[in-house]
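Proteins get letters first, then strands, A, B, ... in listed order; numbering begins at 1 in each. Reckoned from all heavy atoms, side chains included, excluding hydrogens, waters and symmetry mates.
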2 protein chains.
Amino acid sequence: MNDDLLSLEEFLPYRLNRLADAVSRDFSRLYRDRFGLTRPEWRLLATLGQYGTMTATAIGQHSAMHKTKVSRAVTALEERRWLRRAPDATDRRVEHLTLTKAGEDAYRELVPLAREFETRILEQMRPAEKSAIISGLAALERAMLQQRDHD
Amino acid sequence: MNDDLLSLEEFLPYRLNRLADAVSRDFSRLYRDRFGLTRPEWRLLATLGQYGTMTATAIGQHSAMHKTKVSRAVTALEERRWLRRAPDATDRRVEHLTLTKAGEDAYRELVPLAREFETRILEQMRPAEKSAIISGLAALERAMLQQRDHD
DNA sequence: TTTCAATTGTTACCGATGTAACAAATTCCG
DNA sequence: CGGAATTTGTTACATCGGTAACAATTGAAA
């Protein structure tokens, strides 16, 4: 261990980025090849598929996307007729977003592919390793939240 | 567990991306505020600081960066006089890149900040959680490599 | 040797993304 | 009530990043 040098391969931010990039690039092929979706569009579809009707702001918070990403993804999926906007009864700034039948069909087609993708990766790991990554990520998520509160 | 829905919060690619984004955004403040570096520039600096002289291709493979990112980061650090290019004795396509004194100074200033950043996060976790994330990431790295070989 | 393929690094082009400015609507207070 | 501040969502602008084309060089094959 040289104290003057940083081992990039063992450095947490680098490892996370490298892994997220690799996993994302592989996974994105599924929704890109099949439907020509971008990642923000996939996330929007996945969020609405899971939660039903939501507003753009709620989607942004829930799926960790910038509001401009959400806005553009909503426009894109609307043009495909995969979602529709409905006005709020009392607040005219807000739009309630819901998947159309076509959007739900796409979602239902992608969910099993997503599951298989994840399974295929976890299959390469031993049970103890699987628990380690799953609970380790959860612990790191908690740590990052506490970090935020601190500041 | 609803088989028709995908829980995005538990989905590996999503969790990795979310964490990598959050960690990276926090960490980037260190090199951005202090030196105005971009992430590719920080990675280039960190790689050369750790390994000494390298070629652009080797840096790309080692730091998981596209060759255009490397090329642009090299230009940027060269203009700061943080690195210099030296021709190869036998292959005139290749350039050997090395940090200058100024580049090494910046590297030495950033390494402790990077260490503290990582420590501050891991401090929030219990020892068992720390081992879980560290070995879990290693296992996932192995799994992704095997995945690649498969195809 | 000579020609064709592969490698190295740069750059033009285009799509993606965040910042900041913005319009419209709502809420907060005085 | 009424003006200021906030919230919601969109868009202009600038920047970043990958694809593909490229020039230069080297290696391989014939």
Completion exercise
Across all chains, not counting sequence neighbours, the side chain to side chain contact (heavy atoms under 4.5 Å, CB included) partners of B:Ala128 are none
Completion exercise
With sequence neighbours left out, the residues meeting ring pair (Phe, Tyr, Trp, His ring centres under 6.0 Å) with B:His62 are B:Tyr51
Completion exercise
Here the distance between atom P of C:dG9 and atom CG of B:Leu83, to the nearest Å, is 13 Å
Practice task
Starting at the 5' end of nucleotides 4-18 of chain D, put B wherever the base has a protein heavy atom under 4.0 Å, S where only the sugar-phosphate does, and a dash everywhere else.
Solution key: ---BSBBBB----BB
Practice task
Could you check how far CZ of A:Arg32 sits from C1' of C:dG15, rounded to whole Å?
Solution key: 13 Å
Practice task
State which residues pass side chain to side chain contact (heavy atoms under 4.5 Å, CB included) with B:Arg72; sequence neighbours excluded, sorted by chain then number.
Solution key: B:Thr68
Problem - A:Trp42: ring pair (Phe, Tyr, Trp, His ring centres under 6.0 Å) partners, not counting sequence neighbours - result: A:Phe27, A:Tyr31
Fill in the blank from the handout: Applying side-chain hydrogen bond (donor to acceptor under 3.5 Å, both in side chains) to B:Gln61 and not counting sequence neighbours gives none
